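Below is one structure; the comments refer to it alone.
Note on naming: letters A, B, ... go to the chains in the order of the sequence lines (proteins, then strands), and numbering restarts at 1 for each one. No experiment lies behind these values; they were computed from the predicted model shown.
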Amino acid sequence: MSDAPELSRREFARWIWRQLTSMRTALLLLLLLALVAIPGSVLPQTSVDARAVEAYWLDHPDLAPWLDRLGLFHTYTSVWFSAVYLLLMVSLVGCIVPRTITYAKAFRARPPKAPAIFSRMPASSVREVAVADVAAAVERARAALGRARVDVVEHGVIEEGGFTELSAESGHLREVGNLLFHLAIVGVLIGVAVGSLFGYRGAAVVTEGDGFSNVLTQYDDFASGALFDREALPPFALQVDAVDARFQLTGPQRGAPRMFAAHGRWSAGASANQEKRFDLRVNHPLKIGRTSVFLIGQGYAPVFKVTDAEGDVVFHDAVPFLPSDGTYTSSGVVKVPDAQPEGLGFQGFFLPTAVSTGKAEAPVSAFPAAANPLVGLFVFRGDLGLDSGRPQSVFMLDKARLEQVKTKDGAPFRVSLTPGQIADLPGGGSIQFVEVRQFARLQISSAPFAWLPLGATILGVAGLVLSLLIRPRRTWVRVSRTVIEVAALDRVPRGGRDLEEHVRRVQEAI
Amino acid sequence: MTSETFAQALVVAATVLLALAFVAHVAEWALGRGSDEEPPSAAMAAGIGRSVTVLAWLVLLAGVVTRGVAAGRVPWGNMYEFGCAAVVLMLAAYLILIRWWGSAIDWTGAAITGVSTVVLGASTLVYVPPGPLVPALHSYWLVLHVFAAMLAGAAFVLGAIASVGYLLKSRTPERFPRLPSATRLDEIAFKVNAFAFPIWTFAALIAGPIWAQYAWGRYWGWDPKEVWAFITWVVYAGYLHARATAGWKGRAAAILCLVGFTTFLFNFVGVNLFVGGLHSYAK
């Protein structure tokens, strides 16, 4: 009695497994994966553009929380996308492995025996003729069939009314193609999984004249696979000497980017004194061992010198401002926690080519190159919150305990500076816009085993072409003293009269 | 006349010629309606349509080549150029297939010239003067990746036309006496898509990721264009699989083929103009 539910549970599991690994389910899951990928192409994705997601929250305050609950802002790492992906993987492996065995068997199979009645085949021909040498006729048929796999069986004694049957099958490479294609899909799935488990990717902003060394703290953002050892980042360091950005100067595409490059030097851990030069351009990454360094963006880092109310220089550094549009209108903040008597914070924008349309109008950037640089900053005083221990973005001010500096009539105090200019601050101190530097945004990543999904895809295409191009054909020939019969069957029907032609050709060759 | 305006004039001329060829092919259908035998007037209209199409192809080819010379690079760096070059490939495929398959393909004249006129006309709406490209496109992969995508796209159009023909013919064969048999149409759609699919795989899943690794530092990043290229791949993979092994011929396969084509079309038009992302080279 107690066995019955146990058994049915096992049978149920087997039934589920059979359903899951059926070809139909695999195909449906593949289509489902395509379907669930759509939201990620329509809605902004945190991993692609976090700022676009924030903007979406502001524009759709009612809808956004629901979309967020469904994980639609990180579609490709969401629970349901992963679920479909994992189910597909299990289904494909469960479907493909048994199929590989079938394909392997089909590849080794001998041609099937000749049918009893040739005229039932899609194409056949009968010729009544006196055959002097049956064996020679069969050999001529074999020659006419080219590279097909051939079996010959003799029935009875020819002289006493017996006959010889020849069975041939061509196009076995189709099975090789099928095998290759299906194994390639498994290869791609494994390769992608392994690559994402052991890989890492991070980005860092490096200003001209500054360096970067490959340790976790130097990254602005960093993501790695579950099995990647974060302590094992390969040791190397690089120094960016110059960033070169060129833009279209004339014509309707004025301002369009034409060339980005970052020039500098790098050295690997052990040979720190052996510096090598690099010229990093888009499409031309720098390879350091298994790590690649990419130039994925650039922008401006104005250099500021801040003097506090006591006359000490408390800040002198380049500050990257993040570009937000095609003319490189950029925004950023300057944090001076060491200013006395109170910390100073600046928030504002940088315009590479500032143009003012009127006295009352705010200036805008007219061109992405730094032809007429201008910074505009609002000033804050107080506690910048850097000692609170909470992590802060370098591109945002925590204004919780800051007070905005105002003019006498109560309007926000604003400084507007061109390179070299100094502005005195109300309450003492000054800020100088020393010069403009450029920064390079670098991506440093390692994608191990990338050759596996790539190689598998290439093999898969090769297999696919074989399985689509090669069409297996079976041919049978029966020769006796008085009759030559030929029949043929295409396992994948071809159009036209190709099969009849083939039968006629074989018949004539005999 | 500068080479830029000359190229543009050639494209406009080709558009007009294709519109005329379309009119000729529509006349061919109108004149041949209701009769199983093609009347001489319909045959003449078909001949005119064919000749004008060949002429349009030559003019358009000259326009695309001139454009490439004017820009100093391969002429498929933005949406306008992609449209023009893809029509060159599509017409080439159509004219070659007429030689190979004859009556099995020549009925598509009206559809092919109509689609070509629309694609060229729509491309003119996103016209940009020839010029150098943004840094991300400075790569040899531009030649391979985009050419493969155009070639596959051209074949997808032919496959979709054959599938529409199949759906029409299989429902009311008596109304379309001049179409090839439904079986033959199904076969043509399969052949054309089976040709396109490996090329699409190369464009979207081999050349694309390799180039993305060089340009953006990752093989695959779920950019909207990548998502839709993947969707197209999956649907056509389903179509070929169903058609080849499951013996799923007929209407279901034809509809799957059209779904696949729609996703391709959306990727080309919708993602370029309305969705954005890293592949936004329309303008």
Side-chain angles (χ1 to χ4, degrees), chain A residues 23-24 26-28 30-31 33-35 37-38 40-42 45 47-49 75-76 178 188 192 195 201 203 246 248 251-253 256-261 281-285 292-296 443-445 447 450 453-454 457-458 460-462 464-465 467-469 492-496, chain B residues 101 104 128-129 131-141 183-184 187-188 191 194-195 197-199 201-202 205-206 209-211 213-228 230-235 237-238 240-242 244-246 256 263 267 271 275 277-278 283:
Chain A
M23 202 163 67
R24 176 194 296 255
L27 277 174
L28 278 178
L30 199 61
L31 289 172
L33 189 71
L35 205 63
I38 292 177
S41 75
V42 183
Q45 298 293 297
S47 60
V48 178
D49 191 349
T75 304
Y76 306 108
N178 271 329
V188 170
V192 168
R201 185 165 83 173
R246 292 184 201 158
Q248 178 90 12
Q253 294 190 61
R258 287 297 167 240
M259 207 270 280
F260 295 140
R281 281 179 293 138
V282 180
N283 276 316
H284 298 275
S292 299
V293 182
F294 302 87
L295 177 66
I296 54 167
Q443 180 183 292
I444 294 114
S445 60
L454 190 66
T457 313
I458 292 170
V461 170
L464 182 73
V465 170
S467 76
L468 287 173
L469 277 185
V492 180
R494 311 177 198 192
Chain B
W101 293 344
V128 281
L133 300 169
V134 295
L137 294 179
H138 296 179
S139 170
Y140 289 114
W141 287 104
T183 325
R184 185 87 178 104
E187 197 183 292
I188 287 167
K191 276 186 178 165
F195 165 82
F197 186 70
I199 297 172
T201 313
F202 171 78
L205 300 181
I206 295 177
I210 294 176
W211 188 9
Q213 167 70 8
Y214 281 111
W216 301 323
R218 83 288 185 291
Y219 290 96
W220 192 265
W222 296 108
D223 183 60
K225 199 73 140 193
E226 294 172 357
V227 173
W228 283 91
F230 173 69
I231 292 171
T232 303
W233 186 85
V234 164
V235 176
L240 290 182
H241 205 286
T245 55
L256 205 52
T263 65
N267 204 1
V271 173
V275 179
L278 286 168
K283 299 269 158 60

>> To the nearest 0.5 Å, what is the distance between CG on A:Leu468 and CZ on B:Phe197?
In response: 8.5 Å
>> If I measure from the heavy atoms of chain A, does B:Pro198 come under 4.5 Å with its side chain, its backbone, both, or neither?
In response: both
> Which heavy atom of B:Arg218 sits nearest a heavy atom of A:Gln443, and at what distance?
Replying inline: N-NE2, 4.5 Å
>> Looking only at heavy atoms and a cut-off of under 4.5 Å, which of B:Trp141, B:Trp211, B:Phe202 has the most pairs with chain A?
In response: B:Trp211
> Under a 4.5 Å heavy-atom cut-off, does chain B meet the side chain of A:Ser445, its backbone, both or neither?
Replying inline: side chain
> Nearest heavy-atom pair of A:Arg258 and B:His138: which atoms, and what distance?
Replying inline: O-CE1, 2.9 Å
>> With a 4.5 angstrom heavy-atom cut-off, is it the side chain or the backbone of A:Gln45 that approaches chain B, or both, or neither?
In response: neither
>> Is there a side-chain contact between A:Val192 and B:Tyr219 in this structure, where contact means two heavy atoms from C-beta onward sitting under 4.5 Å apart?
In response: no
>> Which atoms of A:Leu30 are under 4.5 Å from chain B, going by heavy atoms: the side chain, the backbone, both sets, or neither?
In response: both
> From A:Asn283 CG over to B:Tyr140 OH, what is the distance, rounded to the nearest 0.5 angstrom?
Replying inline: 11.5 Å
> Closest approach of A:Ile296 and B:Trp216, non-hydrogen atoms and distance?
Replying inline: CG2-O, 4.1 Å
> What residue in B:Ile231, B:Thr263, B:Leu205, B:Ile210 has the most heavy-atom pairs under 4.5 Å with chain A?
Replying inline: B:Ile231
> Do you see a donor-acceptor pair shorter than 3.5 Å between the side chains of A:Thr75 and B:Trp222?
Replying inline: no
> Side chains of A:Leu31 and B:Val234: closer than 4.5 Å at any heavy-atom pair?
Replying inline: yes
>> Please find the pair of heavy atoms, one from A:Arg201 and one from B:Gly217, that lie closest to each other, and give the distance.
In response: CD-O, 4.3 Å
> For B:Gln213, is it the side chain, the backbone, both, or neither that has a heavy atom closer than 4.5 Å to a heavy atom of chain A?
Replying inline: both
>> Quick check on the interface: out of A:Leu464, A:Leu295, A:Val461, who has the most heavy-atom pairs with chain B under 4.5 Å?
In response: A:Leu464
>> Using heavy-atom distances under 4.5 Å, tell me whether A:Arg246 contacts chain B through its side chain, its backbone, both, or neither.
In response: neither
>> Show the nearest heavy-atom pair for residues B:Gly238 and A:Leu27, with the distance to one decimal.
In response: CA-CD2, 4.0 Å
>> Quick check on A:Ile458 against chain B: is it the side chain, the backbone, both or neither that has a heavy atom closer than 4.5 Å?
In response: both
> Which heavy atom of A:Pro257 sits nearest a heavy atom of B:Pro135, and at what distance?
Replying inline: O-CD, 3.4 Å
